Structures are given as structure tokens and as C-alpha cells.
Amino acid sequence: MSEKIVFALAKGRLAEKSVEILEKCGIDCRCILEPSRKLVMSDVSGKFEFIFVKPSDVPIYVEHGVADIGVVGKDTLLEEGRDVYELIDLGFAKCRLCLAGYKNTDLTNYRNSLKVATKYVNVAKDYFDGRGQNVEIVPLHGSIELGPIVGLSDIILDIVESGKTLQENDLCVLEEIVNCSARLIVNKVSLKTKAEDIKPLVGKIDEIIKSQN
Ligand code: PRP
């Protein structure tokens, strides 16, 4: 290993599994597991550096090359539309991007006025443009399911993982848009300039994922 490799990892639901895969590759992740408020962490050898950021920021760090490799959900990649290589479907954090709302909501009844609450504003625009349907998108940053409950929106576009949040709020999936899972992304320049380091690592991760399936 000649050059330092920087990983951008998503805080939250992807963090634990991301670290698990890196450890399986033989990367010492003890610095990550120790409780700390440090934003940049290095392994003992100094060959690997880790930054933990908001999931939606992972593709930005990787696109700008301040991180060489990132782990992020396909849902975030679709929303962010960043210029990065998406190399491996890591197979964990499986979920579905869905339209959801109250049972029997007639999506076509709202041709010109359907209000859609979502964190995935770009995905929503693309999806409804593709259907040729005018909608009003209400951008939210969390607790999206509240939209129809409090009358802020008619429906939501959000990820559904276990389905529990919808169920406990008497909502249901109205349409599935796409299946998502965690992806390994790589900066386009790093893949060339650090090929000697990154390609074997990517190969190893690929092998680990395939052996798990
Ligand atoms: C996500 C998503 C749903 C929920 C789906 O929210 O926005 O609310 O998880 O998961 P489920 O199908 O397993 O119930 P998250 O927990 O990330 O929190 P947020 O509301 O702050 O976005």
C-alpha cells in the first residue's frame, strides 16, 4: 500500500455494516469504534483515513475527491446524482423507495394538485415528470410520514425498510418506485491515480460480498 486511502462513511443506519465489511478486508477499524467526537480518524498504520458524514454528503465528498471511497445508499445516490463510480452493490440496508399514503388514495384523482412530501425532491421530480403528472413537492428533512397525517401533503415519497413506520401510522405503500441498498462508490480520478491501492481493495470487498450471498 503506497498512498493513503480516505473513506467517507454514512452516519446512522449504514455505519455498523460499513465498518463490518472494512474489518473483513483486514482494515483495522478500532479508531472508529472508540467513542469520540473526532471527525477524521486514522488507522494505526496511517494508511486509511475515515470521515463520518451525513448520508447525503457522502457522494459529495467522493465526487470532490476529498474521499476516495464511500459507502452510501442507492436512494441517496439517486437523489444526489453525483459524478462518481458506483462499483459494488453491498447488499445490506435493503429498502424500497415508495409512494405511500392512506389506503385507497387515488393518485390519479389529483392530476394537477397532488402534494408529495419527501426528502427525495429530485427523485420525486423525475418520477412524476416521467408520468407527465404535475405535483407539488413539499421538501422535508425527517418524519416524512407526518405529511398525510397532519394534512401537509396527500402522499409521501420515502424509503420503506421494515414497513413498521407506515403500519404504525395507518399508512401503506401505494406504489413501489425502486429497490435500494448500500453501494460502494469511488472517486473517478482516485480509481486511476490510486489504482494500485484501490483496485485490490475493491476486488476484496467484491469477493466478501459474493461469498456472503
Ligand atoms: C426512515 C424513513 C422512514 C423509516 C422507514 O426514517 O424516512 O421514516 O425510516 O423505515 P421502516 O420501514 O423500517 O419503518 P429514519 O429512521 O431514517 O428517520 P427520519 O424520519 O428522521 O428520516
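We number each residue from 1, following the sequence as shown. Counting starts at 1 for both ligands and their atoms, following the listed order. Bear in mind the structure is a predicted one, so any value in this text is a computation, not a measurement.
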Please report which non-hydrogen protein atom sits nearest to [atom], along with the residue it belongs to and the distance in Å to one decimal place.
| atom | value |
| --- | --- |
| atom 5 (C) of ligand 1 | I159 O, 3.5 Å |
| atom 4 (C) of ligand 1 | T165 OG1, 3.7 Å |
| atom 20 (O) of ligand 1 | S143 N, 2.8 Å |
| atom 8 (O) of ligand 1 | E145 OE2, 2.7 Å |
| atom 22 (O) of ligand 1 | K119 NZ, 2.5 Å |
| atom 21 (O) of ligand 1 | G142 CA, 3.8 Å |
| atom 2 (C) of ligand 1 | D158 OD2, 3.2 Å |
| atom 15 (P) of ligand 1 | R13 NH2, 3.5 Å |

(message) Going by a strict under-4.0 Å cutoff (protein heavy atoms only), does atom 18 (O) of ligand 1 have a neighbour on the protein?
(response)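 No; the ligand atom in question lacks any protein heavy-atom contact below 4.0 Å.
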(request) For S162, take its heavy atoms, then give the atoms of ligand 1 lying under 4.0 Å from any of them. (result) 11 (P), 12 (O), 13 (O), 14 (O)
(request) Heavy-atom contacts with V160 under 4.0 Å: which atoms of ligand 1 show up? List them by number with element. (result) 12 (O)
(request) Compare all side-chain heavy atoms of K94 with those of N179 and state whether any distance is below 4.5 angstrom. (result) no
(request) Would you mind checking if D206 and K210 are paired as a salt bridge, meaning a charged N to carboxylate O distance below 4.0 Å? (result)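 Counted as a salt bridge, because a side-chain N and a carboxylate O are separated by less than 4.0 Å.
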Heavy atoms only: give me the nearest [X]-[Y] pair and the separation to one decimal.
| X | Y | result |
| --- | --- | --- |
| E63 | D83 | OE2-N, 3.0 Å |
| T105 | I155 | CG2-CG2, 3.9 Å |
| K4 | G46 | CG-O, 3.7 Å |

(request) Please check if V62 and Y85 belong to a single hydrophobic cluster, counting links between Ile, Leu, Val, Met, Phe, Trp and Tyr side chain heavy atoms closer than 4.5 Å. (result)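 No.
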(request) Working to the nearest 0.5 Å, report the span between OH of Y120 and CD1 of I177. (result)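 One finds 11.0 Å between OH of Y120 and CD1 of I177.
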(request) To the nearest 0.5 angstrom, please state how far the CZ atom of F50 sits from the OG atom of S42. (result)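 It is 8.0 Å, given to the nearest 0.5 Å.
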(message) Does any N or O of ligand 1 fall below 3.5 Å from an N or O anywhere on I144, backbone included?
(response) no
